[in-house]
Amino acid sequence: MIILNGKEVSRKIKNEIKEKIQKENLSPLLVVIRVGDDPASETYVKSKNKSCNEVGIKFKEIHLKKEEKEENIINMIKLLNNDPLVSGILVQLPLPSNLDTDKIINTILPSKDVDGLTNTNKCSLLNNNPIIIPCTPKGILYLLKEYQIPIKGKNIVIVGRSKLVGRPLIDLLLNENATVTICHSHTENIKEHTINADILISAVGKKNIIKSDMIKANAVVIDVGINKENGKIYGDVEESVYDKVSYITPVPGGIGPMTVAMLLQNTIQCYMINKK
Ligand code: GUN
């Protein structure tokens with residue numbers, strides 16, 4: 001069994017970005033909008049801030065109270081869209097439920113949409129002509145390629161259909177000519193699908209949901225789950241799965257750091273697009 005070391009690979013990517021910024025004298029700025037006090041969001045934003053500092057991307061967080069009016073958030077995004085110093089805009093999700101997430105996300109200029117979540121960027125991925133690719137799916141593909149794991153023609157089963165991970169992964173992996181199956185909370189007999197997976201990707205957010213008997217021997221397992229319990233972080237995959245796989249991403253140290261590295265990459269990409 002080989003550990004897919006996202007932490008190590010992300011370090012390499014960060015060094016490349018840092019070098020590029022220094023060598024080409026770039027001045028990228030990422031602005032993150034966080035609404036309300038979701039504790040997980042606060043942790044994620046801190047980690048994004050730290051990584052930006054490490055590589056030389058300027059970082060600004062706009063923290064708004066959960067009662068903030070939708071109109072104000074939209075106007076704020078419009079100002080950032082028009083500010084030439086701003087390279088990328090990220091609205092941390094989830095937003096409080098009274099806000100229209102789609103409307104807010106789609107206010108972001110597609111060329112500043114570092115998350116690749118605007119309709120324009122989703123559509124370009126769907127059409128196999130991607131511009132900005134969502135960070136976690138992009139990080140998963142990067143890691144598979146880094147370890148030279150074949151994708152073309154393989155059965156890839158995704159568990160979880162979120163807008164941030166599961167759904168964009170379908171398009172991204174189809175574009176790589178994989179055979180893609182997606183399972184979710186209404187799928188009958190998930191095991192019937194997962195057992196055929198050459199590559200299984202779990203993005204559910206539930207500890208131990210993926211068990212050893214759901215996995216084909218020597219499969220590749222990508223664990224996107226981040227589940228906190230008593231101050232410790234667990235993935236979606238049960239520990240016994242490790243004995244059965246050929247490759248697996250650990251939690252922590254697998255996909256998490258890859259997501260952040262791809263955010264930095266996307267910020268530089270947006271900077272370059274907007275500089276033109
Ligand atoms: N919440 C959890 N992960 C993410 C992410 O990658 N982007 C945004 N915008 N919100 C998130």
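Whatever order the structure lists ligands and atoms in, that order sets their numbers, starting from 1. Side-chain atoms are counted along with the backbone in the values below, which use heavy atoms only and exclude waters and symmetry mates.
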Across all chains, not counting sequence neighbours, the side chain to side chain donor-acceptor pair (under 3.5 Å) partners of Glu67 are none
Would a single hydrophobic cluster contain both Met258 and Leu4, if residues Ile, Leu, Val, Met, Phe, Trp and Tyr are joined by side-chain heavy-atom contacts under 4.5 Å? yes
Is Lys14 atom NZ crowded by more than 12 heavy atoms from other residues, nucleotides or ligands, each under 6.0 Å away? yes
Please produce the table of protein N or O atoms sitting under 3.5 Å from N or O atoms belonging to ligand 1, one pair a line, distance to 0.1 Å.
unit_1, atom_1, unit_2, atom_2, d
ligand 1, 1 (N), Gln92, NE2, 3.2
ligand 1, 1 (N), Leu93, O, 2.9
ligand 1, 7 (N), Asp115, OD1, 3.3
ligand 1, 7 (N), Asp115, OD2, 3.1
ligand 1, 9 (N), Val91, O, 2.8
ligand 1, 9 (N), Asp115, OD2, 2.5
ligand 1, 10 (N), Leu93, N, 3.0

Can you run down the side-chain hydrogen bond (donor to acceptor under 3.5 Å, both in side chains) pairs that involve residues 228-243, sequence neighbours left out, and say none if there aren't any? Ser202-Asp236, Lys207-Glu229, Asn227-Asp236, Glu238-Ser240
NZ/NE/NH1/NH2 to OD/OE distance under 4.0 Å, Lys48 and Glu61: no
Taking only residues two or more places apart in sequence, or in another chain, which ones meet Gln269 in a side chain to side chain contact (heavy atoms under 4.5 Å, CB included)? Ile131, Ile132, Lys138, Asn266, Ile273
